[in-house]
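Values in this document were obtained by computation on a predicted structure and should not be read as measured data. Just so you know, these numbers use all the heavy atoms, side chains as well, and skip hydrogens, waters and symmetry mates. Lettering follows sequence order; numbering is per chain, from 1.
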Amino acid sequence: MKISLNWLKEYIDLTDIDVEEIVSKLTMSGLEVESVENQIEMFKNFIVGFVEEKEKHPNADKLSLCVVNNGTEKLKVVCGAPNVAAGQKVVFAQIGAVVPNSGMKISKAKIRGAESNGMLCSESELGLSEDHSGIIVLDQSIKEGTSVSEALHLNDVLFEIGVTPNRADALSHIGVARDLAAIFQRELKLPKVSIPKSEKNINDFASIEIIDTENCPRYSAKVLLNVEIKESPDWLKRRLKAIGLRPINNIVDITNFVLHEVGQPLHAFDLDKLAKQKIVVKKAAADSLFTTLDAKERKLNENVLMICDGEKPVAVAGVMGGENSEVTSSTKNILIESAYFNPTSVRKTSKYLGLSTDAAYRFERGTDPSSTVYAAERAAQLMAELSGGEVVNGFIDVYPNRISEKEITLRFHQVERVLGYTVPNENIKNILASLGFEIKNVSGDSITVSTPTFRPDVEREIDLIEEIARINNYDTIPTISKIAIPISEKIDESAFVDDLRTIATGLGFNEILSIPMITEKAADIFGKPVGLLNPQGSEMGYLRTSLLASALPVVEKNINVGEKNIKLFEIGKVFLKVNDDLFTFSDFVEEERFLFLLTGKISEKEWYTGERDFDFYDLKSFVNECFQKKTLDNLLNDSYYHNGNKIFDYFFTKSFGTTVLGSGGKVKKEVLKQFGIQQDVFCFEGSVEVLKSITPKGRAFTGLLRFPKVMKDFAFIFEKDIPVENVASFIKKKGSGILKAVHPFDVFEHASIGETKKSVAFNLSYFDAERTLTDEEVDKDFQSLIEIVKKEFKAVLRGK
Amino acid sequence: MLTKIQTLNTEFLQAIENIKDQKQLEDLRIVYLSRNGSIASLFEELKNVPKEEKPLLGKELNRLRNLAEEKFAEKKSEFEKLLTKKSQQIDLTLPGRKVELGHKHLLTQTLDEIKSIFKGLGFSIFEGPELESDYYNFEALNFPADHPARDMQDTFFVNKNFLLRTHTSPVQVRLMEKLQPPLRAIMPGKVYRNEAISSRSHCMFHQVEGLCVDTDITFAELKGTLVAFTKQFYGKDLNYRFRPSFFPFTEPSAEMDITCFLCKGKGCRVCKHSGWLEILGCGMVDPNVFDYAKYDNEKYTGYAFGMGIERTAMLKYGITDIRTFFENDVRFLKQF
Ligand SMILES: [Zn+2]
């Protein structure tokens, strides 16, 4: 919202307070000044010049060579405007001036060979309007050398203020002045309204009926007769232009002026266009059509509140007037609408129509229901002054749902309890009074005030405490340097995954954070996805059902930039539908997952090794190493699926009892193709919750082995299709108690041992925690195992 | 004769010290110790000396020959050792075998730093769901239905009941439902806003929420705690200010600004020429929120705060495009 300092000064005396202090005090009391535009500084090097001579530029058709008198000297200036002529008084940007609309700094230049010492400006170049058809031609009476700030009254300071949604009261110049009055403890001066008496009675000219009293608690109106529609005077145009509004005509300009002065949106109807000269406030008919002032036809629904005349709708209540009742150059008689509409209703309408106006912006935040008559009379007075019209005696004011002022009691000790320091009672009283609160009662320990209706945000004791804190400035609240902390146990719910991250990075994986919104196609591969009602395009319409779905686009991007060999991990949420419609939290599952992903080469060509691609066994060992750190790994068991599933060519799962922790393997080419990936990808995805649930809370030390281990090796030739793991676990099971581990360490396949055969060597480790083993007992077990294995797997012992 | 022996002795010792390689050593050996060498010729001369001088000169000459032989052997083995060493020597300049540590995402690292500071200040850490209900995300945080305050946060809806949380504040409500005061906790996590993706804003980002409730929590403590955090995180020397603002779930509400550390407060493009950077929103917990949580407003007060992580990391590390975080280019990940 733009606020003009010159305009503010009509309501508060700001003598002796510089702009910087106003800016900082406003910001520090809750009206954040986002930017400041100081016109005097902006137009520092712009002065009034007199064009003494003008001739054509010898080398350019559209340029003129001028001699401009700046009051002290005559300067040569090249000008491109078609309307420049000798004898004109013009706006002359001197060397050093910065042109407001472009930021260009004027310097001495040669233009097509001709010297130029400045520039003659158009309204557009000064940022005053869009008009760039020609330079500004000033009144002859203005002396050359006069500053443009003075000549064009460009001596204002404009503040861009960010008003938070709770501060509806501050959306006007008087609203901002009221805060300043409280901050600087100066008087707020409201414009006095006095209207010449008329013999005519308003009830003879118009009538008002509110049918929907819930959404229109108050509707006030004034009537003017015989107005003359014309251009507004300079002072009014200046006020509106300063805050970025385009002047239209005296009547419309006055409604805008009062809106930005008081904060009450007004609408001026052409009274003669209102059928039966009647206003009826009611809901629109479903699917009816209505053309608003901006000449757009809009489709209404039955929740839209409308202003109607005796026959038809004439305005969308609180949002925008209609074309059919608009003030035009031929308008003679005016009805000024000044109403209070239900904020929610206006908000819904404005959203439904996609139409945001200055009026709607204020109504939906809550205007002051008590100021409707004041604002209407203020406008009527100005209209009478500027249009020569006659203000009919009295006003119509229909107020079926009275909104009354609320009384609030503030206990003084509560201020200290919340803010942490003592505010003197007198200071509390002064602040509240200057903000417009009426002091009803003050006792030793409390103060009771009545809240003005322009502060719908102030309803409770805490709201008054905030008013005191912000006007006194938060800087006055101490910043304490000691706090008392309970010594109770501290919880860290993120510690588990943080530890998982540390393990993953220790294993060389880089962490990614991918966006969980994915395409429907990607989401469908991995499960039943939750869709978004309002996604940013179809690319991001669904929530991921697997981390892999959002990680594959990351893989693709990396491959595209040449990062082809990567180890990635992610820890994040996936979202799975349990039931088709989501009514409660049990209709879907939000699950935290972890993903390990490998693609490309584990090693490239190096002096010590050749290149090798990542494979399934890399994945398996990373995953095992990670879980070994997290859990006692013998709790988990693996299952292998050679035939794969929807996602994997082949994969394995890790489970704890019957609970599956996760699965991983080689991702199918068809899946990768959808993401534009041509190289193999291996990944493992699992549930953080399950992992957490099987992670032992504590750990016990296992005594270190004090007796020697005996290692034995043997190798067998058996059928290729017998999994090595089956043989190893068989050996372990059949061995005596002193056989503690069986580890396959060599696998060999060659025609020489038979096309369908393989040779596998196992390393057996024997030990006992309590004693040294004898050679005999180890050998006895070892020999018996050879025989059992031979028999069980039709195996042949190799070598020896 | 004795002088000759002594001179030869001195000459030899000098010569052998200056030997650089085995070839020179062999040449020197021939000069001194060969059959026609200088020592051998002295033995020849010995035959002609008077008898009574022979024993002494013979002894001296023998001593010289032994010394020379010893020195040659010593030098020779020295050179041989050097030679074997060279043939067995490895090239230390070859690159080491490749081992790579992984990297936590820069946002994780930033969060870790924030968490560690708050842990030091006695805070616990809690988490909450990202797919939230309207109740937790808005209603219980005192956002009335159809209120302009809801426009402050563009929301991704799943349906009229569920949405992607727009802030981490709903975790506050969940925490208060679960636990009784005293509470002192931060709640980090992902949040989502339906904003156009550009270099300055994204549809997903991270926040850290804070909540502290006890019998004697004041705005002064809120200021003290956040200033302590800010100084640890951003540096001791910066200036700060608390500016009134509005959040439905806090009253009074504030935004905390710190001196723009790019321009040191002089004003630049990043701080929109104000010299200040807004780093977090905060305030005293609104009594309505305590009502929803069934906490006694007459007994407890509390404060809450929330801050975005991406902007912080962008400023701290000079990242100009927020999308960099979520593109996850490995070259970026490995930089931190
Ligand atoms: Zn700056």
Does the pair A:D492/B:K119 count as a salt bridge with the N-to-O cut at 4.0 Å? yes
Region of B:A196 that comes under 4.5 Å of a non-hydrogen atom in chain A: backbone
Donor + acceptor pair across side chains of A:N558, B:R331 (<3.5 Å): no
Just wondering, more than 12 heavy atoms not from B:L94 lying within 6.0 Å of its CG? yes
Contact part of B:Y135 toward chain A, heavy-atom cut-off under 4.5 Å: side chain, backbone, both or neither? neither
Charged N-O contact under 4.0 Å between B:D112 and A:R501: no
Centres of the A:Y421 and B:F219 rings: under 6.0 Å? no
May I ask you to say whether B:E221 pairs ionically with A:K482, meaning some side-chain N is under 4.0 Å from a carboxylate O? no
Taking side chain as everything from C-beta outward and backbone as N, CA, C, O, which of these in B:F326 sits under 4.5 Å from a heavy atom of chain A? Side chain, backbone, both or neither. both
Per-residue contact mode, B:D329 against chain A (heavy atom under 4.5 angstrom): both
Quick one: what part of B:E298 sits under 4.5 Å from any heavy atom of chain A, side chain, backbone, both or neither? both
So which part of B:E100 gets closer than 4.5 Å to some heavy atom of chain A, the side chain, the backbone, both or neither? backbone
Need one label for A:Q414: side chain, backbone, both or neither, based on atoms under 4.5 Å from any heavy atom in chain B. side chain
Any side-chain donor near an acceptor of the partner, B:K115 and A:S494, under 3.5 Å: yes
